[in-house]
Amino acid sequence: MEYDFRKIELIWQAAWKKNETYKIANNSLKPKFYVLDMFPYPSGIGLHVGHPLGYIASDIYSRYKRLKGFNVLHPMGFDSFGLPAEQYALETGQHPATTTEKNITTFKSQLDKIGFCYDWDRELKTSDPLYYKWTQWIFLQLFNSYFCNTQKKALPISLLIKKYETKGAMPITGEIIPGKHFTASEWNEFTKQRQEEILMNRRLAFSKYGEVNWCAVLGTVLANDEVVNGVSERGGHLVEKKKMRQWYLRITDYADRLLEGLQTVDFSDSMKEMQRNWIGKSEGAQINFEIKDIPQKISIYTTRPDTIFGADFMVLAPEHELISSITITEKQEEVAKYIHYVKSRSERERIAEVKQITGCFTGAYAINSFTEKKIPIWIAEYVLAGYGTGAIMAVPCADQRDFLFAKHFNIPITNIIGSYYTGENANNSKEAILENSDFLNGLLMKDAIGIAINKMEALGIGEKKVNYRMRDAGFSRQRYWGEPFPIIWSDGIALPLDAKELPLQLPHVNTYGPGPDGEGPLANIKEWSSLIIPLQERTEKELSPNYSIMEKDNEVPGYINSSVHQWKNTISFAKQNRKDTTAEEDIIWQELRDKKIAGCKLRRQHPIAGYIPDFVCLEKKIIIEIDREYNNNEEQKLFDKGREEWLKEAGFNMIRFTNYQVNNALDIVIKDIEQAILNNDKVALNAGSNNPIFTRGTGVEVKRETSTMPGYAGSSWYFLRFMDPNNTQIFCDRKISNYWNQVDLYVGGTEHAVGHLLYSRMWTKVLFDLDLIGFDEPFKKLLNQGMIQGSSRFVYRKKNTNKFYSYDTILDELLFDKIHVDVNIVNGVELNIEAFKKWRPEYENAEFILSNDIYVCGTEVEKMSKSKYNTVNPDELCEKYGADTFRMYEMFLGPVETSKPWDTKGIEGVHRFLRKLWRLFYDDFKGPIWTTTTPAPLERSGGEAATDAELKVLHRTIKKIEEDTERFSFNTAISTFMICVNELTDLKCHKKEILQPLLILLSPYAPHISEELFQQLNFDQISFSEGDLQGGSIFDASYPTFNSSLLAETTKEYPVSINGKLRTNILLALDLEQQQVEEIILQNEIIQKWLEGNPPKKIIFVKNKMINVVI
RNA sequence: ACUCGGGUGGUGGAACUGGUAGACACGCAGGACUUAAAAUCCUGUUCGCAGUAAUGCGAGUGACGGUUCAAUUCCGUUCCCGAGUACCA
């Protein structure tokens, strides 16, 4: 019997699914282990060979841990909100929900072919309302919390309000600053707007005016990475900064804790470093300078307060707010000109011309409080408005940029560091002894820093200050395909929705273009965003319980509205309706007819009072309506509304869907229906009826927030939802999150180093502070996967001809067109000429100039991408070699963390290994050849016990595989398997005693073949050929235990070196001591040859290692 | 420019706290089986020199230098490649 991997893999994948082998319980006596892959975005292009690398690594580790006796959580889901789907929708008109769903299906089928052990019952999609309900809920927690600076943690904002009401906001020491401090009674006198404004300054999720990249031509706001060199990535249109109301997360408050937390997690040094750089903490001083003749003060930030006496000028950022008030009259024109110049400079120019020195003097002078010295105040673009205070004191002798600036504008330079300053360059050393520095004279600079700050604090002119480079995280996007904010704006006040009003669903739209004034597409849907309800506009008639659409309405199929006495008529209409259905109703009915949701049945066209709903759940009193075209008719809308009100009084809630939704987002429709029935907490799910307005809005200007949340919203907490994915009461049950706790192993690429990882770390800390979870770091250990690059192939066509020259015949590449060729039609570097001719019609008649009868292609390592024709599809490899081979080859390629180019060629070697393994069990002619000493009833017998040599091979393998898997060194583990199989083949070992433990070791790496052989070894033919796992899966076997005594040796082949250079090997007993060894060594012929009769200077002997003779 | 990684055969890579450099695999060369091919198996394969050969000698982990009985591993200088950050005061 041959190794038929196609058949084997299909059987076992189906069997594992059927037997729920990967289903994981939330409670177990076993210790827990949580392995997680970074949330993938389901792109439309599908997987290439680079994507599964990390998934395979985490899969191996999960299976290994399971065998080691852990309860292993290893889920998978999709970060399914995001721009590409929306972009695609803009281009093709297909709804993002539809394309996303399609992509996920493809993605999943690709993953399944590789045989991962995901518990698919826990699958998540961030765009699923049942999921983003909780994203919105957590947002509300952030909105309703503030960071307490004394306790250094998040607290409910209600505590802050209480404090303001009773104590106000007063300084602990020092003066009251108007606008910042207030008393309790002042607070209570403030208008609602003012109070909300103050609270907004403390909320962890807050809204303020911020700058966005606005592209007038595209009429939309662009993300930073959509702006390249100051123009839009698409189309190259001009992008300018525009102030708009935006949402932010106050991540800066968590900067210190994010830094401290890094010490408790096991991330790579480079990863921690990146995060530290991003946070960019610096300690220094904020110093206030008086301005000559002007009452205001300039506040500057510096990390080197010790150099204050070397401050020869001040520099303000061109955006600094004091500029207009300090500039003297004579300089005003010049300053205005300079500011205009700076504004006109595009981002591109500013970056490109970093070295160019520009600036402008304001004519104003600051005063050094220690010396009363006048210091000129300049403006220059090298000072950034966003960092520190947007103003610096320039110390040219100690800072290179200040130095260049001073030289350029001929500003005299004061030397405070003696010989450390050469006049050629600035010197930023902290080791110099200060001169010309008043009370700091004679001090070492690094000692002077603290002394200077103390003095400034004592004099009240400055204070110690910590600065961060990190900014608060922008949290709104003017886009459609994201979570809507559960926020209503009413007269400038942001009102949160109530938790029970969640999820606030994304309304379905037909166009995805931007809204007015840079708002997102949602702003176009007035019936969703605008919440001014014409309550008073409704007529008496509509509100009356007896309201009905009269006889004429009978013409409208599907809708009958009558008073009670028309009941009989109604029933016969209902019967008729059941026959005359619409296509959309049929679609829904197919989905729901036999499904019992929460034990409830759904009926179709079942009369309720005088009304015949499309579908109704009588038990839960929920009506489902599918709206058709005529429901958009204004008159019809009024009728519908009245009907809805009336039914509500009868206790029926109505949810509505459009035909469009049914046709394009059926899964969401079904899910909504299920949830409405499951919850039955009177939460109306449909956007139109989800309306908090009656209690909260003032009715003047009430509208929903039309921005949506960014991609990282859903991915910041998904690892928690995986623990308890179906909970309808809370985002994750506390008992369950206590059990699973942190992610023990998190696998993913470095591209998420600062974005996703920082955000999810912050969210975790907030949830921890609010006592919603019991740990404050999400990921205990991070394993970075390297990128798999593409190895591109090129053909060379002589310019203006159709002649292709083999790469090694080419002398001057410039005479040729270098063309990417599909790597799948190249074998190594040899082009498959026939396939190439068929590849593109224009190459059909191509001529080839060969070398040694073959066409050699050029090669280059590039990013793997469709456009470079260097992608390799995992499906094809699984088809050709099997998933086990594919998995092992990806791992065999090298360490998981390093990037490397893909080369399919080596895959044969791994495949050969699996076939060789198979041959330990099966002979092509003889069939099964394994033997056992203790045969099961149906097993072949007559085997002998394993020999010492065989046991040694096995146990050496156990030891090494365990060590290597434990340290994620999968490539060396695979080598070890190869060595083991090679050795067992040499030993002609076919003993179950040896082979079965080997299969268990191998099963995390090659699950299909291992399961197949394991079942064959233990159970009868009939059961395993059907994929029957009655006898238990190999994944529930227990891991072989390593027995060190089997490896104990009594002798060793010692390498003997002369002066460190290996000369010979000598077999010695391990218990020999130095002296005995020396005696033996000196007898050795080769050693004697090298000694040439002289005695050795020294003999170094390291037991069980080596011997070195020094001569 | 700064910070962090990394440079080992024709290729991917191995060598764990300094102790036999090149495991394992690809590729290549030769051979066996076969009418032939595929598949499979066997042998060789860091480079140079000498030898029919077993083998011996020399060089060798980007380059140069140092520490050490011994360095791919530790230290210093330098070159190259990759990643991240970028006027951050």
Less than 4.0 angstrom from a charged side-chain N to a carboxylate O is my criterion; do A/E273 and A/R276 meet it?
yes
Does a nitrogen or oxygen in the side chain of A/W902 sit under 4.0 Å from OP1 or OP2 of B/C26?
no
Syn versus anti for B/G9, judged by chi lying within 90° of 0?
syn
Euclidean distance for C1', B/U67 against B/G18 (whole angstrom):
12 Å
Return the nearest nucleotide to the side chain of A/R1063; candidates are B/C24, B/C57, B/U20.
B/C57
Hey, is A/D256 close enough to A/K281 for a salt bridge, meaning N to O under 4.0 Å?
yes
Rounded to whole Å, please give me the gap between CZ in A/F267 and P in B/A83.
23 Å
Any donor-acceptor pair under 3.5 Å linking the side-chain atoms of A/K916 with those of A/N982?
yes
Calculate the interatomic distance between A/D306 atom CG and B/A89 atom P; express it in whole Å.
14 Å
Calculate, to the nearest 0.5 Å, the distance between atoms OG1 and CG belonging to A/T750 and A/L782 respectively.
9.5 Å
Presence of A/N982 side-chain N/O under 4.0 Å of B/A23 phosphate oxygens OP1/OP2:
no
Does A/E321 CD have over 12 foreign heavy atoms under 6.0 Å away?
no
Return whichever of A/M978 or A/D399 has its heavy-atom-nearest nucleotide of RNA chain B closer to the 5' end.
A/M978
Checking A/Q286 side chain against A/Y301 main chain: does a donor-acceptor pair fall under 3.5 Å?
no
Distance check, P atoms only: B/G65 and B/G19, in whole angstrom units.
23 Å
Which nucleotide wins on minimum distance to the side chain of A/S270, given the candidates B/A89, B/C4, B/A23?
B/C4
Whole-Å distance between B/A25 C1' and A/F977 CZ?
16 Å
Check whether any side-chain nitrogen or oxygen of A/R401 sits under 4.0 Å from OP1 or OP2 of B/A1, and answer yes or no.
no
Distance between C1' atoms of B/G76 and B/U68 (Å, rounded):
16 Å
Comparing A/M274 and A/T976 on RNA chain B - which has the more 5′ nearest nucleotide:
A/T976
Basic-acidic side-chain contact under 4.0 Å: A/E2, A/K7
no
At 4.0 Å (heavy atoms only), tell me whether A/W1090 reaches a base, stays on the sugar-phosphate, or touches nothing.
sugar-phosphate
Respond yes when some side-chain nitrogen or oxygen of A/R469 is under 4.0 Å from OP1 or OP2 of B/C2, and no when none is.
no
B/A83 and B/U11, which share atom name C1', separated by this distance in whole Å
24 Å
If you only use heavy atoms from C-beta on, which nucleotide in B/A23, B/U3, B/C57 is closest to the side chain of A/E273?
B/U3
Euclidean distance for P, B/G10 against B/U45 (whole angstrom)
15 Å
Please state how far atom CH2 in A/W278 lies from atom C1' in B/A83, giving the value in whole angstrom units.
15 Å
Any strand counts, and the cut-off is 3.5 Å on both contacts for Watson-Crick or G-U wobble. Which nucleotide pairs with B/C74?
B/G66
Does A/K1061 place a side-chain N or O at less than 4.0 Å from the phosphate oxygens OP1/OP2 of B/A59?
yes
Are the side chain of A/N288 and the backbone N or O of A/K297 linked by a donor-acceptor pair below 3.5 Å?
no
Decide, yes or no, whether a salt bridge links A/K1089 with A/E1085 under the criterion of side-chain N to carboxylate O below 4.0 Å.
no
Sequence-aligned protein contact record of nucleotides 12-19 of chain B, with B where the base is within under 4.0 Å of a protein heavy atom and S where only the sugar-phosphate is:
BSSS---B
From CG of A/L384 across to C1' of B/U85 the rounded distance in Å is 14 Å
For nucleotides B/U72 and B/C81, find the distance between their P atoms and express it as a whole number of Å.
25 Å
Got a list of protein N/O to nucleotides 40-42 of chain B N/O distances below 3.5 Å?
| from | atom 1 | to | atom 2 | distance (Å) |
| --- | --- | --- | --- | --- |
| B/U40 | O3' | A/R919 | NH2 | 3.2 |
| B/C41 | OP1 | A/R919 | NH2 | 2.7 |

If the cut-off is 4.0 Å, is A/Y387 near the phosphate of B/A89, judged by side-chain N/O to OP1 or OP2?
yes
With rounding to whole Å, what would you report as the distance between B/G82 and B/C49 at their C1' atoms?
38 Å
In whole Å, what is the span from the CG atom of A/D269 to the P atom of B/G5?
6 Å
With distance as the sole test, does A/R915 use its side chain to make a donor-acceptor pair with the main-chain N or O of A/Y3 at under 3.5 Å?
no
For B/C79 and B/C42, measure between their C1' atoms and round to the nearest Å.
45 Å
Starting at CZ of A/R276 and ending at P of B/G84, how long is that distance when rounded to a whole Å?
19 Å
What integer distance in Å separates A/L1062:CG from B/G60:C1'?
15 Å
For the rings on A/Y889 and A/Y881, is their centre-to-centre separation under 6.0 Å?
no
From CA spacing to verdict: side-chain contact (heavy atoms from CB on, under 4.5 Å), A/M456, A/I308
CA-CA 11 Å; A/M456 287 170 198; A/I308 184 163; 3.7 Å; yes
